[in-house]
Amino acid sequence: MLRPLKIVRLSTRCCSDFVSRMRYVNRLKEDDEECSSALQNGQMFLFHHLSPLLQRTEQRTFRPPALITSDVQSILERLGSDGTLLKESVLIGASEQNRAQFCLDIGELDQAAAEAACGGTFVDLRKAFFLLTGPEAPLVAKGQALLRWHQTNGFSSATGRPTRRNRAGSHRVCSSGTIYYPKMSPVVIVLVSDGKRCLLGRQSSFPRGMYSALAGFCDMGETLEETLSRELAEEVGLEVHSVSYSSSQHWPFPHSSFMLGCHATVSPAHSQLSVDHTELEDARWFSLEDITSALLVKTPPRRGDPPVLWLPPKHAIANRLITEWTERQRSGEEGE
């Protein structure tokens with residue numbers, strides 16, 4: 001049975017600022033002229049073939065630089081672009097100071113020259129997630145997802161005709177009048193516990209040593225609970241005893257997913273795994289001690305290093321689920 005959603009109460013001041021920012025972004029989506037005006041003084045996050053630009057900070061961390069549109073224009077001109085490339089930028093939000101934020105893929109330009117001009121490096125997004133420690137990771141994920149959607153939806157799926165985007169990039173329109181909006185695929189991600197251990201699995205595509213919570217796409221007509229129960233039965237041969245909802249997250253892989261995070265319990269007497277190796281390379285139970293040690297691992301193991309359990313990055317919902325389970329174990333809440 002699902003637990004009720006947690007209610008988060010914000011101060012009046014915070015809500016007022018939030019409402020103002022959300023309404024501003026909505027106006028930019030609906031008014032092409034206002035969006036074009038906002039672009040002139042906006043912030044820009046750059047990508048190269050969907051890999052975000054990152055810069056190393058003085059603290060030896062990485063962050064995606066928010067470049068000013070005029071600076072990006074100068075960089076594009078130095079790299080031989082005629083400047084029309086800026087029209088391909090996509091709105092992704094607004095800063096707390098209500099400055100519009102955009103993203104732009106400059107994959108048509110030479111990567112090395114672009115990196116030299118921008119003073120950074122274009123990093124594959126999966127790798128970037130392990131380097132980013134600040135709050136920009138969700139913004140970068142959103143930017144990449146929208147850029148990918150525009151690159152793969154240039155034609156109507158109903159008529160085959162070209163589609164045209166609005167200035168903000170919040171939708172595309174076919175000449176037939178059909179409007180297309182970016183889509184996300186619902187995915188259930190679940191951390192299973194038998195009361196004292198949690199279950200993690202890995203796919204062959206994962207980095208060496210990394211294990212994560214189990215996940216699966218929702219089939220047409222399924223509820224969240226039905227998807228969760230089916231996936232666990234298929235992948236590891238377990239039958240769920242109870243389910244509780246945790247939180248949700250947009251995830252840009254493989255082509256923009258909406259992750260629904262849950263905790264599930266199984267009976268200790270029926271916790272024997274039967275792993276479907278066509279779905280998973282491996283799955284196993286881990287103790288609180290195992291997980292506590294893994295949460296302390298800050299960098300991925302290098303080649304030649306002894307094997308070590310490695311978890312998804314902190315801003316991934318899988319890490320949140322694992323951390324929540326750890327805290328419950330320590331407080332004695334698990335199994336009550």
Side-chain angles (χ1 to χ4, degrees), residues 1-7 138 141 145 183-206 210-288 290-291 294 309 311-329 333-336:
M1 184 173 182
L2 291 180
R3 296 179 179 177
L5 294 176
K6 297 178 181 178
I7 304 298
K183 299 277 194 305
M184 296 189 294
S185 300
V187 175
V188 173
I189 181 166
V190 56
L191 190 70
V192 182
S193 174
D194 67 354
K196 293 187 178 297
R197 302 173 297 174
C198 72
L199 177 65
L200 300 178
R202 64 170 278 111
Q203 298 178 352
S204 57
S205 59
F206 283 9
M210 193 181 89
Y211 280 73
S212 183
L214 304 187
F217 287 94
C218 296
D219 280 350
M220 188 68 70
E222 281 187 332
T223 65
L224 180 153
E225 299 94 326
E226 289 169 343
T227 298
L228 187 153
S229 297
R230 174 181 55 78
E231 285 291 337
L232 291 179
E234 291 176 352
E235 295 188 351
V236 291
L238 294 179
E239 188 169 341
V240 174
H241 175 65
S242 65
V243 177
S244 63
Y245 172 80
S246 169
S247 54
S248 62
Q249 179 185 43
H250 165 256
W251 193 244
F253 309 111
H255 297 291
S256 206
S257 303
F258 182 51
M259 309 297 290
L260 301 163
C262 296
H263 291 277
T265 59
V266 298
S267 168
H270 301 91
S271 60
Q272 181 68 37
L273 301 180
S274 175
V275 181
D276 181 353
H277 290 287
T278 62
E279 295 279 348
L280 297 172
E281 182 181 83
D282 187 31
R284 62 181 70 173
W285 292 103
F286 292 91
S287 68
L288 176 60
D290 295 331
I291 299 300
L309 175 60
L311 302 176
K314 283 188 175 182
H315 41 264
I317 195 169
N319 189 292
R320 186 184 312 162
L321 293 171
I322 293 168
T323 301
E324 288 175 350
W325 177 82
T326 303
E327 293 171 349
R328 290 181 183 181
Q329 287 287 319
E333 179 182 343
E334 184 79 24
E336 290 184 359

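Everything numeric in this text was worked out from a predicted model, so none of it was measured. Values reported hereafter were calculated over all heavy atoms of this structure, with side chains retained and with hydrogens, waters and symmetry mates removed.
Minimum heavy-atom separation, Met259 to Ile189: CE-CB, 3.9 Å. Of all heavy-atom pairs between Leu238 and Gln272, the closest is CD2-O, 3.6 Å. The minimum heavy-atom distance between Ile317 and Ser247, with the atom names listed, is CD1-O, 3.3 Å. Residues Arg320 and Ser248 come closest through the heavy atom pair NH1-O, 3.9 Å. The heavy-atom pair separating Asp276 from Glu234 by the smallest distance is CB-O, 3.4 Å.
Rounding to the nearest 0.5 Å places NE2 of His263 at 4.5 Å from OG of Ser246. Atom CD of Glu327 sits about 11.0 Å away from atom CG of Leu288, to the nearest 0.5 Å. Taken from OG in Ser229 to NE2 in His241, the straight-line distance is 12.5 Å, to the nearest 0.5 Å. Note that NE2 of His270 and CG of Asp194 are 13.0 Å apart. Values are rounded to the nearest 0.5 Å. Leu311 CG to Asp290 CG: the interatomic distance, rounded to the nearest 0.5 Å, is 10.5 Å.
In this structure, the side chain of Gln329 engages the main chain of Gly195 through a donor-acceptor pair within 3.5 Å. Using a distance-only test at 3.5 Å, with no hydrogens or angles considered, a donor-acceptor pair links the side chain of Ser267 to the main chain of Ala269. Side chain of Gln249 to backbone of His315: a donor-acceptor contact under 3.5 angstrom is found. The backbone N or O of Ser271 lies less than 3.5 Å from a partner atom in the side chain of Trp285, making a donor-acceptor pair.
For Ile291, the side-chain contact (heavy atoms from CB on, under 4.5 Å) criterion is met by Cys198, Leu200, Phe286, Leu295, Leu309, Ile322, Trp325, Thr326, not counting sequence neighbours. Residues that satisfy the side chain to side chain donor-acceptor pair (under 3.5 Å) test with Ser274, not counting sequence neighbours, are absent from this structure. For Pro138, the side-chain contact (heavy atoms from CB on, under 4.5 Å) test picks out no residue, with sequence neighbours left out. Considering only residues two or more places apart in sequence or on other chains, Glu222 meets the side chain to side chain donor-acceptor pair (under 3.5 Å) condition with Thr227, Arg230. Every residue meeting the side-chain contact (heavy atoms from CB on, under 4.5 Å) condition with His250, not counting sequence neighbours, appears here in chain and number order: Ala141, Ala145, Met184, Pro252, Ser256.
Looking only at side-chain heavy atoms (C-beta outward), Glu225 and Leu228 stay at 4.5 Å or farther from each other. Looking at heavy atoms from C-beta onward, Val266 lies out of side-chain contact with Leu199 at the 4.5 angstrom threshold. Proximity of Val236 to Val192: side-chain heavy atoms (C-beta onward) are nowhere separated by under 4.5 Å.
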List the atom pairs, donor and acceptor, that lie under 3.5 Å between side-chain atoms in residues 210-221 and the rest of the protein, sequence neighbours left out.
unit_1	atom_1	unit_2	atom_2	d
Tyr211	OH	Asp282	OD2	2.4
Tyr211	OH	Arg284	NE	3.4
Tyr211	OH	Arg284	NH2	3.2

